Amino acid sequence: MDFSIPQERKLVTDLPGPRSLALQERRERAVSRGAGTLASIYMERGSGAILEDVDGNRLIDLGCGIGVTTIGHANAEVAEAAAEQARKLTHTLFTVTPYEPYVRLAERLAEITPGDFEKRSILVNSGAEAVENAVKIVRRHTGRRVILSLDHAFHGRTNLTMAMTYRPWPERAGMGPFPGDLYSVPVSYPFKDGLSGPEAAARTIDYIRTHIGAEEVAGLFVEPIQGDGGIVIPAEGYFAALKAFCEEHGIVFVADEIQAGIARTGAWYSIEHHGVVPDLVTTAKGIAGGFPIAAVTGRADIMDAVQPGGVGGTFGGNPVSAAAALKTLEIIERDDFIAEAQRVERALRARIGDWAERYPVVGEVRGKGAMFGVELVRPGTREPNPEALTAILRHATAHGVIPLDAGSWDSVLRLLPSVVISEALIDDAAGVLEQALDALG
Ligand SMILES: *Cc1c(COP(=O)(O)O)cnc(C)c1O
């Protein structure tokens with residue numbers, strides 16, 4: 001793969017540099033503080049796993065803007081596909097007069113999503129909009145109202161999806177009223193609960209039976225690997241048991257794959273690691289190399305339950321974004337980015353897999369593909385250690401490495417690098433994170 005920026009970390013100023021500091025001053029006068037930022041380092045360009053800031057510093061990106069630029073920053077082929085489409089046709093609104101890229105992307109989604117039954121898709125603008133539409137679809141299909149999500153879930157920031165999101169701060173605080181008929185039910189979080197998959201599923205199912213009533217439930221929404229919740233990977237057998245329970249009670253099983261889908265975990269969709277075929281799947285983040293587009297895909301009878309006009313939206317399935325998504329999917333297949341994600345997993349395990357033995361503040365390192373979490377604890381306990389996460393993020397961003405935070409207790413260091421990241425960059429970035437861990441004792 002050709003990169004327009006050398007794949008190396010290189011600092012030429014302090015971070016943030018003078019140009020970033022000047023932009024930060026302008027930003028504070030013009031942009032709402034509600035749009036908070038992890039690091040006030042303003043980026044100018046990117047290539048592969050490297051971001052270059054406005055001062056000419058080169059930083060290692062371990063976040064991909066929350067798992068979006070999985071195929072690397074500013075991919076030249078995706079840029080060309082989008083430019084070509086932009087010169088041809090930028091908008092008609094699919095529900096007024098349709099166009100081919102929308103249809104083609106729906107065909108591709110039917111091929112790559114789990115399950116070999118007949119499928120349909122709708123395309124929308126964002127992950128939250130995909131989840132909202134999935135809620136509408138499962139309610140229409142079942143004629144029931146109750147929607148379940150799992151503890152530690154993240155499903156978005158619109159009114160409906162923030163109400164399906166687990167933690168109150170900062171996503172929800174002071175922003176009610178919230179819609180009703182939404183419940184959060186216990187998840188399987190092996191590091192915290194020590195339960196096997198079947199045991200955790202029995203707890204979830206008992207909770208649904210005793211608090212809600214299975215026959216009331218339209219849909220169960222799950223992240224097969226929870227992202228914002230802290231790279232929580234439910235124990236083996238957990239989702240299989242929940243899926244069987246859903247089938248028994250006519251509940252639609254929806255996999256929210258917005259963060260973990262599209263090759264990131266070493267499979268097209270992360271639910272594949274659990275051996276379960278969901279009824280519906282939501283896709284967004286990594287699908288178009290950075291362009292905004294999202295989808296709901298699933299069983300034709302469920303997707304077609306909605307009356308014409310019941311779903312839609314002005315910009316949904318925009319032709320330029322759809323062209324970018326089609327090119328992204330083509331590249332993922334052609335260059336076998338599923339295998340690349342597995343390579344990243346091996347490299348991360350080899351480099352940081354022993355942190356729990358080496359550092360008292362590390363409780364566990366876990367992950368799949370290019371999606372890893374480092375659970376930070378108070379030494380000798382399993383208590384969350386949010387101060388350690390703050391210290392690590394501060395050190396990393398000041399030294400040219402951009403990881404992410406996560407977890408309901410703000411105590412999970414989240415790594416979502418591009419699948420094109422080299423072993424040398426992983427090694428260099430891990431060294432910077434280790435300096436921070438060393439300083440924590
Ligand atoms: C990011 C995310 C969303 C919301 O997507 P947006 O595009 O930010 O609206 C929903 N679900 C999951 C699992 C996510 O990671």
Side-chain angles (χ1 to χ4, degrees), residues 34-38 63-70 113 122-138 147-167 170-172 175 182 184 187 219-234 239 253-265 268-271 273-274 278 280-298 313 315-318 321 324-325 328 367-373 404-408 412 414-416:
T37 15
L38 182 103
C64 285
I66 323 263
V68 170
T69 53
T70 310
T113 50
I122 58 163
L123 302 180
V124 292
N125 300 292
S126 68
E129 203 185 339
V131 174
E132 287 235 356
N133 276 283
V135 168
K136 286 163 60 170
I137 291 163
V138 303
I147 299 294
L148 305 180
S149 49
L150 298 176
D151 289 355
H152 312 296
F154 181 87
H155 292 300
R157 284 191 160 81
T158 58
N159 185 262
L160 176 60
T161 58
M162 89 178 143
M164 294 166 68
T165 287
Y166 181 69
R167 63 179 191 173
E171 283 87 2
R172 287 207 313 259
M175 295 190 186
L182 306 174
S184 181
V187 70
L220 170 68
F221 284 64
V222 309
E223 292 162 88
I225 297 179
Q226 294 185 317
D228 286 50
I231 317 298
V232 178
I233 309 177
F239 286 123
F253 186 100
V254 185
D256 180 349
E257 293 271 7
I258 288 167
Q259 192 161 145
I262 308 292
R264 171 155 295 280
T265 67
W268 272 116
Y269 285 92
S270 65
I271 192 78
H273 300 300
H274 298 283
L280 299 187
V281 172
T282 55
T283 307
K285 293 191 164 91
I287 191 178
F291 284 81
I293 191 163
V296 187
T297 304
F315 291 120
N318 170 268
S321 291
T328 300
K368 269 279 173 202
M371 185 170 192
F372 267 69
L404 300 170
D405 54 353
S408 295
V412 177
R414 176 170 37 159
L415 310 177
L416 302 176

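Only a predicted model underlies this, so the values are computations on that prediction, with no experimental measurement involved. Hydrogens, waters and symmetry mates play no part in the numbers below; they use all other heavy atoms, side chains included. Just follow the structure's listing: the first ligand is 1, and inside any ligand the first atom is 1.
Of all the atoms in ligand 1, the ones that sit under 4.0 Å from a non-hydrogen atom of His155 are 10 (C), 11 (N). Of all atoms in ligand 1, numbered sequentially from 1 with element shown, those under 4.0 Å from a heavy atom of Glu223 are 13 (C). Near Ser126, the atoms of ligand 1 lying under 4.0 angstrom from a non-hydrogen atom of the residue are 7 (O), 9 (O).
Using a distance-only test at 3.5 Å, with no hydrogens or angles considered, no donor-acceptor pair links the side chain of Glu129 to the main chain of Ala294. Formation of a donor-acceptor pair under 3.5 Å by the Glu223 side chain with backbone atoms of Ile258 is not found in this model.
Scanning all protein heavy atoms for the shortest distance to atom 11 (N) of ligand 1 gives Asp256 OD2, 2.7 Å. In terms of protein heavy atoms, atom 2 (C) of ligand 1 is closest to Lys285 NZ, 2.5 Å.
Here's the thing with Gln259: one of its N/O atoms is less than 3.5 angstrom from an N/O atom of ligand 1. Residue-to-ligand polar distances place Gly127 within reach of ligand 1: an N/O pair is separated by less than 3.5 Å.
For atom 9 (O) of ligand 1, the candidate residues are Ala128, Ala153, Gly229; the nearest heavy-atom contact is made by Ala128.
Counting all heavy atoms, side chain and backbone alike, Gln259 lies closest to Arg414 at OE1-NH1, 2.7 Å.
Checking Thr70 against Arg264 by side-chain atom types alone, a donor-acceptor pair falls below 3.5 Å. Side-chain contact, His273 with Thr265: a donor N or O sits under 3.5 Å from an acceptor N or O. Neither side chain, Thr161 nor Glu132, offers a donor N or O lying under 3.5 Å from an acceptor on the other.
Residues Thr297 and Tyr269 have side chains not in contact (no heavy-atom distance under 4.5 Å, counting atoms from C-beta outward).
Atom 6 (P) of ligand 1 lies below 4.0 Å from at least one non-hydrogen atom of the protein.
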